[in-house]
J.: 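Take this structure, written in structure tokens, and hold onto it; I'll ask about it next.
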Amino acid sequence: MPVTTRAVLVAFALAAALALAACGGTAGTQGAAEPAATGHGATSLPAQDLRVVFVFPGEASGVSESATVLRAGVVEGVPPSAVTVATVLTDEDCAPDAQGISHCLNELRLPDGTVLTVRHPHDMSKVPCLTPGEQVELRPAA
């Protein structure tokens with residue numbers, strides 16, 4: 001096979017794999033050596049960095065504008081009163097609104113086993129979705 005044909009096939013295979021990963025097609029548990037956040041559409045983060053999610057009672061105050069510091073509003077459940085680590089269980093309802101903002105619905109498992117459901121408003125082209133299996137640091141927001 002000519003070198004240029006092989007290069008095109010390799011590039012196509014890589015693009016297909018990246019597209020699948022960006023759409024959540026590789027959702028699974030996080031390992032220490034895996035990227036921490038490869039949710040819909042945005043960039044990966046180093047595995048050692050937990051993203052911080054400020055949890056607001058009711059609706060989130062504003063839209064997440066950073067890939068590492070997020071805002072989410074409680075839909076169901078009781079948010080922790082202190083900083084804690086949670087595991088993302090789901091990422092649903094991510095279709096963007098007319099302004100291009102997604103209002104993703106996420107279930108988060110707290111250390112005591114209870115589940116907190118939050119709504120995460122963000123622009124997927126700038127801020128990745130929460131990824132099932134990802135661990136995040138939850139912080140109560142004022």
J.: Locate the shortest heavy-atom distance separating Val74 from Pro79; write the atom from each residue and the value.
T.: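 Heavy atoms only, the tightest pair is CG2-CG, 3.9 Å.
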J.: Find out whether Val136 and Leu50 are in side-chain contact, i.e. whether some heavy atom of one side chain is under 4.5 Å from a heavy atom of the other.
T.: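 In short, these two side chains do not touch, never coming nearer than 4.5 Å.
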J.: Can you check side-chain contact (heavy atoms from CB on, under 4.5 Å) on Met124 and Cys129, steps first, answer last?
T.: CA-CA 7 Å; Met124 276 197 262; Cys129 291; 3.6 Å; yes
J.: Can you check whether Thr68's main-chain N or O pairs, donor with acceptor, with Ser66's side chain at less than 3.5 Å?
T.: yes
J.: Taking side chain as C-beta onward, heavy atoms only, is Leu105 less than 4.5 Å from Thr117?
T.: yes
J.: Walk me through whether Thr114 and Val78 qualify under side-chain contact (heavy atoms from CB on, under 4.5 Å).
T.: CA-CA 9 Å; Thr114 61; Val78 178; over 6 Å; no
J.: CG of Leu108 to CD of Gln135: how many Å apart, nearest 0.5 Å?
T.: 11.5 Å
J.: Just one of Thr84, Val83, Val55 clears the side-chain contact (heavy atoms from CB on, under 4.5 Å) bar with Arg139, so which one?
T.: Val83
J.: Tell me, do Asp123 and Val63 make a side-chain contact under 4.5 Å, heavy atoms counted?
T.: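 A side-chain contact under 4.5 Å is absent here.
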J.: Answer yes or no: is there a donor N or O on one side and an acceptor on the other, between the side chain of Asp93 and the main chain of Cys104, under 3.5 Å?
T.: no
J.: Any side-chain heavy atom of Leu138 sitting closer than 4.5 Å to one from Pro80?
T.: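 Result yes, sub-4.5 Å side-chain heavy-atom pair found.
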J.: Take Leu70 and Val53 through the side-chain contact (heavy atoms from CB on, under 4.5 Å) test and state the conclusion after the steps.
T.: CA-CA 5 Å; Leu70 312 173; Val53 180; 4.0 Å; yes
J.: Please check this pair: side chain of His122 against backbone of Val127, looking for a donor-acceptor N/O pair closer than 3.5 Å.
T.: yes
J.: Just so I know, are the side chains of Val118 and Leu116 near enough to count as touching, which here means a heavy-atom distance under 4.5 Å?
T.: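 Yes; the side chains approach each other to less than 4.5 Å.
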J.: To which residues is Val52 joined in a hydrophobic cluster, defined by side-chain heavy-atom contacts under 4.5 Å among Ile, Leu, Val, Met, Phe, Trp and Tyr, whether direct or through other members?
T.: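 Taking Ile, Leu, Val, Met, Phe, Trp and Tyr as members, Val52 shares its hydrophobic cluster with Phe54, Phe56, Val69.
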J.: Return each pair, listed once, that meets salt bridge (charged side-chain N to carboxylate O under 4.0 Å, His left out) where at least one residue sits in residues 96-114; pairs must be two or more places apart or across chains.
T.: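 Sorted result for residues 96-114: empty, none.
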J.: Rounded to the nearest 0.5 Å, what separation is found between the NE2 atom of His103 and the CD atom of Glu59?
T.: 8.5 Å
J.: Check for a donor-acceptor pair, side chain of Arg71 on one end and backbone N or O of Ala60 on the other, with a separation under 3.5 Å.
T.: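 No; zero donor-acceptor contacts below 3.5 Å.
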J.: Give, for atom CG of Asn106 and atom OG1 of Thr90, the distance between the pair rounded to the nearest 0.5 Å.
T.: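 Taking CG in Asn106 and OG1 in Thr90, the distance rounds to 5.5 Å.
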J.: Are any non-hydrogen side-chain atoms of Arg51 and Glu134 less than 4.5 angstrom apart?
T.: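 Of all side-chain heavy-atom pairs linking Glu134 with Arg51, at least one is under 4.5 Å.
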J.: If you compare all heavy atoms of Ser102 against all heavy atoms of Cys94, which two are closest, and at what distance to 0.1 Å?
T.: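 Nearest heavy atoms, Ser102 then Cys94: OG-O, 2.7 Å.
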J.: I need the minimum non-hydrogen distance between Pro121 and Gly62, along with the two atoms involved.
T.: CG-O, 3.4 Å
